[in-house]
A.B. asks: 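Got a structure here, written out as structure tokens. Questions coming.
Below, all heavy atoms of this structure are taken into account, side chains as well, without hydrogens, waters or symmetry copies. Residue numbering restarts at 1 for every chain, and letters A, B, ... go by the order of the sequence lines.
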2 protein chains.
Amino acid sequence: MTRPEDRSRRRPKIADVAATAGVSTATVSRALSNPGLVGEATRARVMDAVEVTGYRINSAARDLRQRRARSLLILAPNLSNTFFGTIFAAIQKVAGEAGLAVQISDSRLESSRLATLGHDGRTDAIVLLDGALDPEIVNGWRLPLVQLCEWNEDYDAPAITIDNAAAARLAVDHLAQLGHRRIVHVEGPPDNVLAIHRRAGAQAGATARGLELTLLPGDFTMESGETAARRWAAMTPRPTAVFCASDECAFGFIAECAAMGLAVPADVSVVGFDDVDFAGRFLPALTTVHQPRAEIGRIGAERLLAALEGGRPLGPRAEPVPTRLVVRASTAAPPTTSPRPKQ
Amino acid sequence: MTRPEDRSRRRPKIADVAATAGVSTATVSRALSNPGLVGEATRARVMDAVEVTGYRINSAARDLRQRRARSLLILAPNLSNTFFGTIFAAIQKVAGEAGLAVQISDSRLESSRLATLGHDGRTDAIVLLDGALDPEIVNGWRLPLVQLCEWNEDYDAPAITIDNAAAARLAVDHLAQLGHRRIVHVEGPPDNVLAIHRRAGAQAGATARGLELTLLPGDFTMESGETAARRWAAMTPRPTAVFCASDECAFGFIAECAAMGLAVPADVSVVGFDDVDFAGRFLPALTTVHQPRAEIGRIGAERLLAALEGGRPLGPRAEPVPTRLVVRASTAAPPTTSPRPKQ
DNA sequence: ATCGCGGCTGCAATCGATTACATCAGAGCT
DNA sequence: AGCTCTGATGTAATCGATTGCAGCCGCGAT
């Protein structure tokens, strides 16, 4: 005797739908995933049965059979970083519309756990926001993979990025045009590709414009901006403008200036990099290089989807995504009150 | 004839390991997931074989057989919101250490797609950061579920939250103690639980302290803070302090004040709510109610894990997570220069 | 009448693990 | 020797879908 509550309480499976509709499971499967293959009337009966039973597909079973996961993994070095939120949202939007789930994980894991993430069959493709992972592991995954923002030449995967050096030059050019002659660049972490390219761009710009450029160490954080502000304040003569390698760093710099009783941009002009959500509301509103994060996320996700659908490999490297300088209130002409020492 | 490249190129499965070690697949499975059940020597042979073949488990197969996904789903109304990053990170940390994957999705989806998310067998538990979903759908999932920050009485699930009303009173009490008598509360969205409780707390506090409280509409965004600032500036007499229902709203309010040539806290004191990462670096540093986001995320994830392991249900409702007011530079005594109109 | 063909449908194998149950060897005891 | 018991291992069913292959039916052409 079959207990009636079994039928109602258990999660219905395809066999239940088939029984209700009076067809085989094969037909149900086809009606759902490839409707053109079944007859009009049958399809209608199946759809009714699906409705009646409340059937939902079991992804684990389908994934096993089809050897794919309909899921994409995002790896980032720090999930709480404000910078990444917009990118996650863009990726999830594209992926969700294509029926893919989005899994996230911190990328700074013990290497065996990290390696497993790309090998456990739960993921068809990977979005990597971290350029500092072991290339052995990354290339070992053998999955379609794109790098976003950051990149690493040793990874065998395309990167969707902006041209960081050119963007840094925009910032320096802007300061030069305002009349600044001595500027500071607060760098990012020494071994970070972004930091290296931004510094190179800043140096090239300074050289081309005949500016005197001083480098101060930093690591993209607000704390490093504060430290840099104190070091800058102690310099004689003081440079009149600062280009920070990240917005957060610029915020820290400006906050510390305020704490020291110095005003931006009256005493010093500050340019950031990234154009995070707060940049426009900061006081003063921050002049910064806009990084099109949503766009980058979208492009990355679309390229992965194309690779998954078409089965063809991802192209080798993408054109840089266009960027631009957003001029706001944190930059102005250098203070005229200060003596202009010839030497 | 078996082609040799098959063995080497294909993803090795448990049968390959078994063949290499000279045991059955059952033994390999036990050696990996329940080592106590197999003999010392056998286990060592199996481990070697795993190493040699480069075997990684296929999660889809295991998930199917065990009828669970080892995965947890986070649903939030807006993935790009800065507020959520820290929560995601905390959840992922706890879940990752327990071997669970973390899936994220926007919660504002077409209802059938939303319903499917909790029914497709890819998820064993859900973290919900959105209190505005259809209770029918949410309760239909029949999965362990916790609500974080926001909640909805119609969901049959515990919520990890702070006591929003009490927290709002802290803010109002602080302003009263500084000497403010007329204050504004910029509300959150009208139908949002958080907004409702914060307003109730603010009203209760104002009443208890004999303050005059004016409500202005808002929706937690910076834009609504700006709008509120203009409406506040047009009031006569102008209230001397503002309690905004979110930090973002407060930032918008302050930025607009600056644009209008009014200073914080000299002309108006401003209190926020949440204590997001930037609050301490804003100019002026924002006085705000601290919401322990990492803590909330951690507790939520731990409760889900406990429910999954123990199989027992989640408790009905949790104690509120302690909160506190962080006093910074955006609040001060009311301006003494303004006339004190009796009427 | 026969054949071929196209359109639907069903049967049963398959994906890769886990696990209930059976088996077996050896130890310990009478 | 005979029996039981325990621990290690193997056999085969199972999870729930997809899909290659084959069968069936009806129709038009030969």
A.B. asks: How long is the line joining CG of A:L37 and C1' of C:dT9, in whole Å?
C.D. replies: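 Atom-to-atom, A:L37 to C:dT9, this comes out as 11 Å.
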A.B. asks: Is any side-chain N or O of B:T42 closer than 4.0 Å to OP1 or OP2 of D:dT9?
C.D. replies: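 Checking B:T42 against D:dT9: at least one side-chain N or O falls below 4.0 Å of OP1 or OP2.
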A.B. asks: Using side-chain heavy atoms (C-beta onward) and a distance below 4.5 Å, is A:T161 in contact with A:V193?
C.D. replies: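 No, too far: nothing below the 4.5 Å cut-off.
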A.B. asks: At under 4.0 Å, does any side-chain N or O of A:Q66 touch on OP1 or OP2 of C:dT14?
C.D. replies: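 Answer is no, no contact under 4.0 Å.
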A.B. asks: At less than 4.0 Å, is any side-chain N or O atom of B:Y55 found next to OP1 or OP2 of C:dG16? Yes or no.
C.D. replies: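 The answer is no; no side-chain N or O of B:Y55 sits under 4.0 Å from OP1 or OP2.
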A.B. asks: Rounded to the nearest Å, what distance is computed from the CZ atom of residue A:R56 to the P atom of nucleotide D:dG16?
C.D. replies: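 In whole Å, D:dG16 P lies 17 Å from A:R56 CZ.
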A.B. asks: Between D:dA17, C:dA17, D:dT19, which nucleotide gets closest to the side-chain atoms of A:I57?
C.D. replies: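 My answer, after comparing the listed nucleotides, is D:dA17.
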A.B. asks: Nearest of C:dT18, D:dG16, C:dA12 to any side-chain atom of B:I14?
C.D. replies: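 For B:I14, the side-chain atoms sit closest to C:dT18.
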A.B. asks: Can you tell me whether the side chain of B:R62 and the base of C:dT18 have a donor-acceptor pair closer than 3.5 Å?
C.D. replies: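 Absent.
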A.B. asks: Nearest whole angstrom, please: distance from the P of D:dG16 to the NZ of A:K13.
C.D. replies: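 Going from A:K13 (NZ) to D:dG16 (P), I get 4 Å.
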A.B. asks: Would you mind checking if B:D277 and B:R293 are paired as a salt bridge, meaning a charged N to carboxylate O distance below 4.0 Å?
C.D. replies: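 Result for this pair is yes, salt bridge flagged.
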A.B. asks: DNA chain C: B:R30 or B:A60, which has the more 5' nearest nucleotide?
C.D. replies: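 Looking at the nearest nucleotide for each, B:A60 comes out on the 5' side.
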A.B. asks: Rounded to the Å, how far apart are B:R67 CZ and D:dA17 C1'?
C.D. replies: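 About 13 Å, once rounded to whole Å.
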A.B. asks: Is the closest basic N to carboxylate O distance between B:D106 and B:R113 below 4.0 Å?
C.D. replies: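 Looking at B:R113 together with B:D106, the answer is no, because their closest N to O distance does not fall below 4.0 Å.
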A.B. asks: Take atom CZ of B:R43 and atom P of D:dG7, then tell me their distance rounded to the nearest Å.
C.D. replies: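 Going from CZ in B:R43 over to P in D:dG7 covers 15 Å.
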A.B. asks: What contact category does B:S59 fall into here, base, sugar-phosphate, or nothing, at under 4.0 angstrom with non-hydrogen atoms?
C.D. replies: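 The residue B:S59 makes no contact with any strand.
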A.B. asks: Using only atom types and a distance under 3.5 Å, with no angle test, would you say the side chain of A:R122 pairs donor to acceptor with the backbone of B:A69?
C.D. replies: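 Here the side-chain-to-backbone pair exists.
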A.B. asks: With nearest nucleotides of DNA chain D determined for B:T27 and B:R65 from heavy-atom distances, which residue corresponds to the more 5′ nucleotide?
C.D. replies: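 Closer to the 5' end of DNA chain D: B:T27.
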A.B. asks: Calculate the interatomic distance between B:D120 atom CG and D:dG16 atom C1'; express it in whole Å.
C.D. replies: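 In whole Å, D:dG16 C1' lies 13 Å from B:D120 CG.
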A.B. asks: Which whole-number value in Å describes the distance from A:D63 CG to D:dC15 P?
C.D. replies: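 Taking atom P of D:dC15 as the reference, CG of A:D63 is at 18 Å.
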A.B. asks: Report the distance from atom CG of A:L32 to atom P of D:dT19, rounded to the nearest whole Å.
C.D. replies: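 Atom-to-atom, A:L32 to D:dT19, this comes out as 13 Å.
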A.B. asks: Backbone N or O of B:S71 within a donor-acceptor pair of the B:Q103 side chain at under 3.5 Å?
C.D. replies: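 Between the backbone of B:S71 and the side chain of B:Q103 there is no qualifying donor-acceptor contact (under 3.5 Å).
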